[in-house]
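Inspection log for the structure reproduced underneath, given as structure tokens.
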Number of protein chains: 2
Amino acid sequence: MENTHFKVRMRVWIETETGETLYGEGQIGILEAIEKEGSINAAAKSLGMGYRSMWGRLKKIEQRIGTPLLVRRKGGVLGGESVLTSEAKLMIEKFRQLQQQINDAAKKIHTCIYS
Amino acid sequence: MENTHFKVRMRVWIETETGETLYGEGQIGILEAIEKEGSINAAAKSLGMGYRSMWGRLKKIEQRIGTPLLVRRKGGVLGGESVLTSEAKLMIEKFRQLQQQINDAAKKIHTCIYS
DNA sequence: AAACGTTATGTCAATACAAACATAACGATT
DNA sequence: AATCGTTATGTTTGTATTGACATAACGTTT
């Protein structure tokens, strides 16, 4: 059973107490891309997905969360832009922190069990 | 942000080092059911899934793992049976141990971050 | 007012994944 | 040899999620 060549993988996400999925890696990644790129459209391109798809996912998250995650502006010289709300930024920060700590813990546990 | 009403959920699974999924909760659950029920058929019923579906998943796991997980017997007075190999039993044990320890760790981290 | 790049949204196709249906083979027991 | 409940597979159907296409609206700049 010397399977140190097996990897433990995990996925972390946040749910309501009633079991509804709120957000996880995908959603957080989208928010980070928007923060970096400045618009939904550019973020979608940077992640290799279509605008329509990303827009739909954003809408879902916002209505599940209940608070707006983006301040959107359309028109203007650059056509428009989208910037994250402070809630969104906090959400990203806490999620990444959680995820990293869990991953670290898992790595220790893994080497402890499958040594 | 007093979201103690948010739940952290996670899914753990095992991959090869090349990124192929090997097994996770679903597969382990199937093996446990077979161990308890004594046959693929009975196990499928007990989990509310069809025999065909469970059989297909078992085949996939075995060919990905490369070692047989079941000793199958067809015919006979009871029609047949299936029992776990010792590899399968070890696999279950280690996975459950890993999963539980990671869950415990995650719970601590969660209350530490979203307190 | 014309143009441009963005947000906003409906619709339809494609694809993947799960469930259901249908048989065949098997072998101890009767 | 007939029976019974299991293993073993191919085929089809259904569903759900993703992706692509198409358009409208918007507002600043030129």
Side-chain angles (χ1 to χ4, degrees), chain A residues 11 13 15 19-65 67-85 88, chain B residues 11 13 15 19-65 67-85 88:
Chain A
R11 201 173 123 82
W13 71 97
E15 286 185 355
E20 280 180 295
T21 298
L22 287 178
Y23 55 90
E25 172 64 40
Q27 285 72 27
I28 296 295
I30 287 175
L31 292 179
E32 286 174 337
I34 293 173
E35 184 174 36
K36 182 182 175 193
E37 300 292 334
S39 77
I40 298 175
N41 204 2
K45 282 195 183 67
S46 82
L47 295 184
M49 71 172 80
Y51 170 84
R52 182 63 180 82
S53 169
M54 182 177 279
W55 180 87
R57 295 182 70 173
L58 283 166
K59 187 178 181 184
K60 242 191 219 165
I61 311 171
E62 282 188 327
Q63 66 191 26
R64 283 195 286 215
I65 300 278
T67 61
L69 297 172
L70 297 182
V71 176
R72 286 128 147 145
R73 208 171 61 83
K74 65 180 154 184
V77 55
L78 297 173
E81 60 173 2
S82 292
V83 299
L84 300 193
T85 62
Chain B
R11 201 173 124 81
W13 70 96
E15 286 185 355
E20 280 181 295
T21 298
L22 287 176
Y23 55 90
E25 172 63 40
Q27 284 73 27
I28 297 294
I30 286 175
L31 292 179
E32 286 174 336
I34 293 172
E35 184 174 36
K36 183 183 174 192
E37 300 292 334
S39 77
I40 299 176
N41 205 3
K45 282 195 182 68
S46 81
L47 295 183
M49 72 173 79
Y51 169 85
R52 183 62 180 83
S53 169
M54 182 176 281
W55 179 86
R57 295 182 69 173
L58 283 166
K59 187 178 180 183
K60 244 191 218 164
I61 311 170
E62 282 187 327
Q63 65 190 28
R64 283 194 287 214
I65 300 277
T67 60
L69 299 172
L70 298 182
V71 175
R72 288 128 147 142
R73 209 171 60 82
K74 65 180 154 183
V77 57
L78 297 174
E81 60 173 1
S82 291
V83 299
L84 300 193
T85 63

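When reading the values below, keep in mind they use all heavy atoms of this one structure, side chains included, and skip hydrogens, waters and symmetry mates. As the structure is a prediction and not an experimental result, all values here were calculated from the model. By convention in this document, chain letters (A, B, ...) are assigned in the order of the sequence lines, proteins followed by strands, and residues within each chain are numbered from 1.
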Partners passing side chain to side chain contact (heavy atoms under 4.5 Å, CB included) against [X] (at least two apart in sequence or in another chain):
{"X": "A:K74", "answer": "none"}
{"X": "B:V83", "answer": "B:V71"}
{"X": "A:E20", "answer": "A:T16, A:T18"}
{"X": "A:E35", "answer": "A:L84, A:K89, A:I92"}

Restricting to side-chain hydrogen bond (donor to acceptor under 3.5 Å, both in side chains), what partner residues turn up for [X], sequence neighbours left out?
{"X": "B:R72", "value": "B:E62"}
{"X": "A:E37", "value": "none"}
{"X": "B:E25", "value": "B:R96, B:Q99"}

At under 4.0 Å between heavy atoms, how does the protein contact nucleotides 13-26 of chain C? Give one character per nucleotide, 5' to 3', with B, S or -.
------SBB----B
Nearest-nucleotide wise, let me know which of B:E81 and A:R73 is further upstream toward the 5' end of DNA chain D.
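Nearest-nucleotide comparison on DNA chain D picks B:E81.
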Any pair with a residue in residues 38-60 of chain B that passes salt bridge (charged side-chain N to carboxylate O under 4.0 Å, His left out), sequence neighbours left out, goes on the list, sorted by first then second residue, please.
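Matches after skipping sequence neighbours: none remain.
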Given D:dT9, D:dT29, D:dT7, which nucleotide is nearest the side-chain atoms of B:S82?
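Shortest atom-to-atom distance from the side chain points to D:dT7.
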Looking at residues 24-39 of chain B, who's got a heavy atom less than 4.0 Å off DNA chain C?
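Contacts with DNA chain C under 4.0 Å: none.
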Starting from the first five and the last five pairs of the helix from C:dA1-D:dT30 to C:dT30-D:dA1, work out the angle between the resulting helix axes, to 10 degrees.
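Computed angle between terminal axes is 10°.
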